[in-house]
2 protein chains.
Amino acid sequence: MSDLLERLRGRGWRLTSQRRVVAQVLDGDHVHLTADEVHARAALLLPEISRATVYNTLGELVSLGEVIEVSTDGRAKRYDPNAHHPHQHLVCSRCGMIRDVHPSGSPLTDLPPAERFGFTVSTVEVTYRGLCPGCTQTLSS
Amino acid sequence: MSDLLERLRGRGWRLTSQRRVVAQVLDGDHVHLTADEVHARAALLLPEISRATVYNTLGELVSLGEVIEVSTDGRAKRYDPNAHHPHQHLVCSRCGMIRDVHPSGSPLTDLPPAERFGFTVSTVEVTYRGLCPGCTQTLSS
DNA sequence: ATCCTACGATGGACTCAGTCCAAGTCAAGA
DNA sequence: TCTTGACTTGGACTGAGTCCATCGTAGGAT
Ligand SMILES: [Mn+2]
Ligand SMILES: [Mn+2]
Ligand SMILES: [Zn+2]
Ligand SMILES: [Zn+2]
């Protein structure tokens, strides 16, 4: 994720320790943390980082397109650093676990012009819901 | 929507004036109201109905499958009485307006077994995002 | 028609996620 | 090293939704 820090510097960002730590926490695959989880992990590395700063930084990363905001039903939004490889999500309706998935077909073209009602359609979001292996077992035993 | 009231009676529900009024407010096509909007409209017909009752009734209707809960990003959930005709949603990212749409293709089968990671996948939700005709014009002028 | 009571309604307190703001701090250019 | 505006901080605040003790009433029983 150090290339992310490079890109941010290129955009005129001040490289504060807080921003470095948030970027570090978001590094990896299949990462879908809530803001509070990001805050908790960041605080292990930089104890006095504030919740407000985590929210600010995540918001900035989202509007730069470096992180995707995933809103799952009623719970807290999740933040996904895997923004440069388009993908969809498979969510466990019991425990909330999320996996990245890559469906075949292109959902955007599945919406015929007659069904667009004059909208300028730009993105599509597909969420598969079901039970993860662990929860399937728990509920059937 | 009187058939809805019939079905509810069949399930042992007490037909209170509050439940009747909520059912009445939810009648119609392309209805996607927030809980507070349902409350406001219900209160025109039955002034002292409480927010808690609206939430309770909506929750019950959802778990009976009579109403669908649509969670749009960070805002309040919307409640959709069009539960017996499967459909997806087209949402204006600026003003929040929602239209029902019927994409071709079946998104559920677009997820190959290899991409299911042992999940028992039961539903799929597709949200198309873009600008409605009004907002497209506003932003381009 | 009246009574009974379990189911439902009420409103106010509470939680949780997220935003806002005034004051203090510090990264980085001069 | 100095300066300054961008950034951070913690606490107050908001909005959506839940919880709960208490009260009311739908509808079956008599
Ligand atoms: Mn993802
Ligand atoms: Mn709908
Ligand atoms: Zn699970
Ligand atoms: Zn619009």
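Just so we're on the same page: letters track the sequence lines, and every chain starts at 1. Please read all numbers here as calculations on a predicted model, not as lab measurements.
- Atom-to-atom, CD1 of I49(B) to C1' of dG8(C) comes out at 12 Å; the value is rounded to the nearest Å.
- Using a 4.0 Å heavy-atom distance criterion, A76(A) is classed as a sugar-phosphate-only contact.
- E60(A) places its CD atom 7 Å from the P atom of dC7(D), with the value rounded to the nearest Å.
- Going from atom CG of L8(B) over to atom C1' of dA26(D) covers 15 Å, rounded to whole Å.
- Aromatic ring pairs are classed by plane angle as parallel below 30°, tilted from 30° to 60° and perpendicular above 60°; the pair H89(B) and H32(B) is perpendicular.
- Computed from coordinates, the H39(A) NE2 to dG18(C) C1' distance equals 14 Å when rounded to whole Å.
- For a distance-only test at 3.5 Å, the side chain of R19(B) fails to qualify as a donor-acceptor partner of the base of dG8(C).
- Residue E48(B) holds its CD atom at 12.0 Å from OG of S17(B), rounded to the nearest 0.5 Å.
- Distances shown here put a side-chain N or O of T53(A) below 4.0 Å from the OP1 or OP2 atom of dT9(D).
- At the phosphate of dA9(C), OP1 or OP2 sits under 4.0 Å from a side-chain N or O atom of T16(B).
- Minimum atom distance to the side chain of L15(A) is reached by dA28(C), of the listed dT8(D), dG11(C), dA28(C).
- Rounded to a whole Å, the CZ atom of R20(B) is 14 Å from the P atom of dG8(C).
- Taking CD of E69(B) as the reference point, atom OG of S63(B) lies at 10.0 Å (rounded to 0.5 Å).
- Counting atom types as modelled, R51(A) pairs a side-chain N or O with a base atom of dG18(C) as donor and acceptor under 3.5 Å.
- Summarising the geometry, the separation between CG on L58(B) and C1' on dA9(C) is reported as 15 Å, rounded to the nearest angstrom.
- In this structure, E69(B) places its CD atom 15 Å from P of dA16(D), rounding to the nearest Å.
- Proximity of Y55(B) to the phosphate of dG17(D): a side-chain N or O atom is located under 4.0 Å from OP1 or OP2.
- Of the candidate nucleotides dT19(C), dT8(D), dG11(C), dT8(D) has the atom nearest to the side chain of N56(A).
- Residues E60(B) and E66(B) are not in side-chain contact: their nearest non-hydrogen atoms beyond the backbone lie 4.5 Å or more apart.
- Remark on DNA chain C: of its neighbouring residues T57(B) and S17(A), the 5'-side contact belongs to T57(B), judged by nearest-heavy-atom nucleotide.
- Nearest-nucleotide assignment on DNA chain D puts the 5′-proximal partner with R78(B), out of W13(B) and R78(B).
- For the pair T57(A)/Q18(A), no side-chain contact is recorded, criterion being any heavy-atom separation below 4.5 Å from C-beta on.
- Note on Q18(B): a side-chain N or O is less than 4.0 Å away from OP1 or OP2 of dT10(C).
- Out of dG18(C), dA16(D), dT10(C), the shortest distance to the side chain of D36(B) is found at dA16(D).
- Following rounding to the nearest Å, R75(B) (CZ) and dC16(C) (P) show an atom-to-atom distance of 25 Å.
- Within a 6.0 Å sphere centred on CZ of R129(B), heavy atoms belonging to other residues, nucleotides or ligands number more than 12.
- For R14(B) and dG28(D), a side-chain-to-base donor-acceptor distance below 3.5 Å is absent, hydrogens and geometry of angles not being considered.
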